[in-house]
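Some notes on the structure that comes next.
Keep in mind that this is a model prediction, so the values were computed, not measured. Side chains are part of it too, since the values below use all heavy atoms of this structure and drop only hydrogens, waters and symmetry mates. Residue numbering restarts at 1 for every chain, and letters A, B, ... go by the order of the sequence lines.
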Amino acid sequence: MQRMSNLFLRTLRDDPSDAEVQSHRLLVRAGYIRRAAPGGFSWLPLGYEVFRNVERIVREEMNAAGFQEVHFPALLPIEPYQATNRYEEYGPNLFRLQDRHGADFLLAPTHEEMFTLTVKDLYSSYRDLPLVIYQIQTKFRDEARPRAGLLRTREFSMKDSYSFDLDDAGLQASYDAHRAAYIKLFERLELPYVIVSALSGAMGGSASEEFLAPLPVGEDTFIRCTSCDYAANVEAVHTPVPEPRSLDGLPAAMVHDTPKTPTIATLVACVNSDPALRHPDRDWTAADTLKNVVVNIKHPDGTVEPLAVGIEGHREVDMKRLGAQVEPAEVEPFSEDDFKQHPSLKKGYIGPGVLGTNNESGIRYLLDPRIVDGTQWITGADQYNQHVLHLTAGRDFVADGTIEAAEVLDGDTCPNCGSDVEIARGIEIGHIFQLGTKYAEALELTVRDENDQPITPTMGSYGVGVSRCLAAIAEATLDDSGLCWPREIAPADLHVIIAGKDGSPQVAAADELTASLEAAGLRVLLDDRSKASLGVKFKDAELIGVPTIVVVGRGIANDDNPTIEVKDRKTGEREDIALDSIVEHLVSICRP
RNA sequence: CGGGGUGUAGCGCAGCUUGGUUAGCGCGCCUGCUUUGGGAGCAGGAGGCCGGGAGUUCGAAUCUCCCCACCCCGACCA
């Protein structure tokens with residue numbers, strides 16, 4: 001039992017000024033956490049209780065799946081990370097430090113290297129595999145911008161597991177086992193989730209899916225179908241490619257003067273207002289135009305190559321999608337100086353006529369996949385103040401290939417079923433990766449097969465953000481009055497409020513009730529504060545968010561039929577329960 | 001790293017434009033009395049390097065410069 005009269009807790013009446021997102025505000029106001037460092041939080045008793053509950057559930061589900069728990073240091077030497085090149089690839093997000101001898105160390109952002117090395121250390125036979133081991137550990141990442149309370153911190157708790165298999169089928173089985181375990185886990189946490197296909201990014205490897213909690217405060221943008229269950233990270237969305245159209249009978253391309261139209265908006269206004277250029281049946285829209293955007297692609301070896309991307313005029317280039325397509329190269333803006341280097345590019349009037357490796361600019365030209373043969377476009381004529389109408393793909397121009405770099409819009413076509421997709425935001429709560437042999441090869445992990453030949457195991461890695469999950473659960477369940485935890489996560493099963501003065505019968509009754517409830521195996525938070533007014537106790541109970549609130553008050557003074565009030569935090573429904581059946585009643589609520 | 005905003009008591013804020021008593025207010029905290037079914041009342045009290053440093057000035061929370069921290073947007077990001 002926890003008595004609030006001596007609980008290390010101070011609830012706040014006002015919102016902390018530095019907290020913007022709801023979960024952050026309420027976790028601070030309810031006395032669960034305190035900011036202690038940039039991107040770092042201290043856990044207070046109630047918060048740590050909830051944290052341990054989330055951690056326990058994660059652990060139980062991992063163990064239930066047959067995975068074995070280990071624990072590694074967070075402070076690590078850099079050599080293994082140099083061997084996989086991640087010491088460089090992680091860049092400024094890696095915390096680096098030196099010991100007293102000047103030797104380099106890092107604070108681990110994730111542990112692929114150490115798990116791989118430990119397997120190498122202990123195992124050497126195919127008979128030992130498959131293997132899945134995991135840990136729940138504090139991770140460190142020097143985030144450029146910690147934000148949103150517990151949702152993005154520089155020090156956070158994460159469950160990370162690693163699978164080691166002999167072949168692709170084994171990896172797929174380990175991956176599927178994690179996927180299934182995560183589904184059970186998030187359902188037990190009562191955390192809504194969407195599984196989206198993702199790109200593996202800097203982790204290397206092939207297949208990868210993210211578990212997102214679909215909440216507006218999430219930082220990840222994803223696409224989901226309004227009809228089927230398709231969902232994907234915005235970087236990983238595939239654009240359905242329309243069928244090519246016939247070139248027969250299409251009007252010829254014509255160059256027209258379109259003065260002062262360097263932007264899509266001015267161009268559309270111009271062609272709609274010029275009687276010679278108007279569409280016979282309707283207004284032209286930005287979607288009738290072909291926008292050509294030039295960027296620089298910086299390769300890992302330092303060389304820079306210009307790249308032109310052709311997309312529908314009503315879309316922007318999505319830098320995340322483009323970046324994911326050209327990885328590991330990086331995208332940089334095309335500067336005024338760059339334009340001077342390429343005089344054939346008339347800024348604001350760039351068209352396919354000069355783009356492409358075989359044309360005047362020599363710049364590689366990639367098209368959005370929707371721009372199939374037979375589609376007609378209004379686009380730049382490569383002379384200032386001129387555009388060309390009816391320029392037809394496959395007839396008047398051919399690009400060097402296609403690229404998925406256009407922004408995804410609400411109402412785009414689902415690649416799975418053809419219905420509309422919508423854009424949503426989510427908090428990344430889990431991520432599963434098929435890594436392949438990148439780490440095993442770099443660290444020379446091999447085992448002997450049945451013919452005594454060395455083979456390289458194939459790996460997967462799988463993460464769940466424990467502290468982030470806690471924040472996501474708070475975010476998903478809170479209401480205007482405060483937090484509202486699922487029972488298994490909550491810091492207690494019951495929040496018992498004494499509505500009576502010191503020495504009143506309510507105090508004795510509450511003490512007796514609490515003892516009985518504890519004997520029945522329920523976790524009780526008892527508000528026995530004598531100085532706090534009843535209003536404060538009610539407000540604090542709702543703020544703290546224990547799922548069931550029990551009020552020992554005037555009802556017990558009824559000699560004929562003494563009662564105790566039971567209130568459901570989420571619904572607000574209250575009910576007076578006879579004193580002689582209260583324990584049984586509460587057990588049935590808490591342990592259905 | 002770019003843009004914007006904010007730093008004054010444990011928390012939330014006013015004061016700064018136009019420099020000038022002892023830097024205020026609400027909540028919280030301490031003492032006493034009253035109160036007890038929805039953030040109680042009265043009375044008394046404690047608590048401030050006004051983010052840090054340098055400068056201007058007879059005098060700086062207030063003006064100038066530099067730095068730091070935090071929040072938001074973007075870049076970044078398993």
Please check the phosphate of [N] (OP1 and OP2 only) for any side-chain N or O of [X] closer than 4.0 Å.
X: Arg147(A); N: rC73(B); result: yes
X: Lys539(A); N: rG38(B); result: no
X: Ser17(A); N: rC13(B); result: yes

If you check every side-chain atom of [X], which of [options] has the closest atom?
X: Glu565(A); options: rC30(B), rG28(B), rG37(B); answer: rG37(B)
X: Lys567(A); options: rC77(B), rC11(B), rG38(B); answer: rG38(B)
X: Leu534(A); options: rC77(B), rG38(B), rG37(B); answer: rG37(B)

Touch class at under 4.0 angstrom, heavy-atom based, for Gln506(A) against every strand present: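 Nothing, no nucleic acid heavy atom in range.
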Sugar-phosphate, base or nothing in reach of Arg35(A), heavy atoms under 4.0 Å: sugar-phosphate
Of Gly555(A) and Ala148(A), the one whose closest RNA chain B nucleotide lies more 5': Gly555(A)
Nearest-nucleotide comparison on RNA chain B, the residue closer to the 5′ end among Arg10(A) and Glu219(A): Arg10(A)
[X] and [Y]: aromatic ring centres closer than 6.0 Å?
X: Tyr87(A); Y: Tyr81(A); value: no
X: Tyr162(A); Y: His111(A); value: no
X: Phe538(A); Y: His495(A); value: no
X: Tyr134(A); Y: Tyr462(A); value: no

Gap between atom OG1 of Thr563(A) and atom CD of Glu565(A) - 0.5 Å precision: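 That separation rounds to 8.5 Å.
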Would you kindly give the [atom1]-to-[atom2] distance between [X] and [N], to the nearest whole Å?
X: Asp540(A); N: rC27(B); atom1: CG; atom2: C1'; result: 13 Å
X: Leu94(A); N: rC76(B); atom1: CG; atom2: C1'; result: 15 Å
X: Lys531(A); N: rU36(B); atom1: NZ; atom2: C1'; result: 15 Å
X: Arg13(A); N: rG26(B); atom1: CZ; atom2: C1'; result: 9 Å
X: Leu151(A); N: rC72(B); atom1: CG; atom2: P; result: 11 Å
X: Asp480(A); N: rG38(B); atom1: CG; atom2: C1'; result: 16 Å
X: Glu143(A); N: rC72(B); atom1: CD; atom2: C1'; result: 17 Å
X: Leu9(A); N: rC11(B); atom1: CG; atom2: P; result: 16 Å

Test item: side-chain donor near acceptor, Tyr193(A) and Glu187(A), under 3.5 Å: yes
Asp160(A)-Gln135(A) side chain donor-acceptor pair, cut-off 3.5 Å: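 Judged by distance alone, the side chains do pair up.
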Span that lies between the C1' atom of rC70(B) and that of rG24(B), in whole angstrom: 24 Å
Side-chain donor or acceptor of Glu575(A) paired with backbone N/O of Val566(A) under 3.5 Å: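 Between the backbone of Val566(A) and the side chain of Glu575(A) there is no qualifying donor-acceptor contact (under 3.5 Å).
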Tell me whether the side-chain N or O atoms of [X] pair up with the base of [N] as donor and acceptor below 3.5 Å, since no angle test is needed here.
X: Glu542(A); N: rG39(B); value: no
X: Arg574(A); N: rG38(B); value: yes
X: Arg29(A); N: rG28(B); value: no

The single option from Ile498(A), Val496(A), Ile544(A) passing side-chain contact (heavy atoms from CB on, under 4.5 Å) against Met4(A):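 Filter result, single survivor: Ile544(A).
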Any residue of residues 546-554 of chain A with a heavy atom less than 4.0 Å from an atom of RNA chain B: Val551(A), Gly553(A), Arg554(A)
5'-to-3' dot-bracket of RNA chain B (Watson-Crick, G-U; under 3.5 angstrom; crossing pairs as [ ]; | other strand): (((((((..((((......[...)))).((((((.....)))))).....(((((..]....))))))))))))....
Enclosure of Glu512(A) CD (heavy-atom neighbours >12, cutoff 6.0 Å):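 Incorrect, the count does not exceed 12.
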Pro109(A) side chain reached by Phe140(A) side chain, heavy atoms, under 4.5 Å: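 Phe140(A) does not reach Pro109(A) side chain to side chain.
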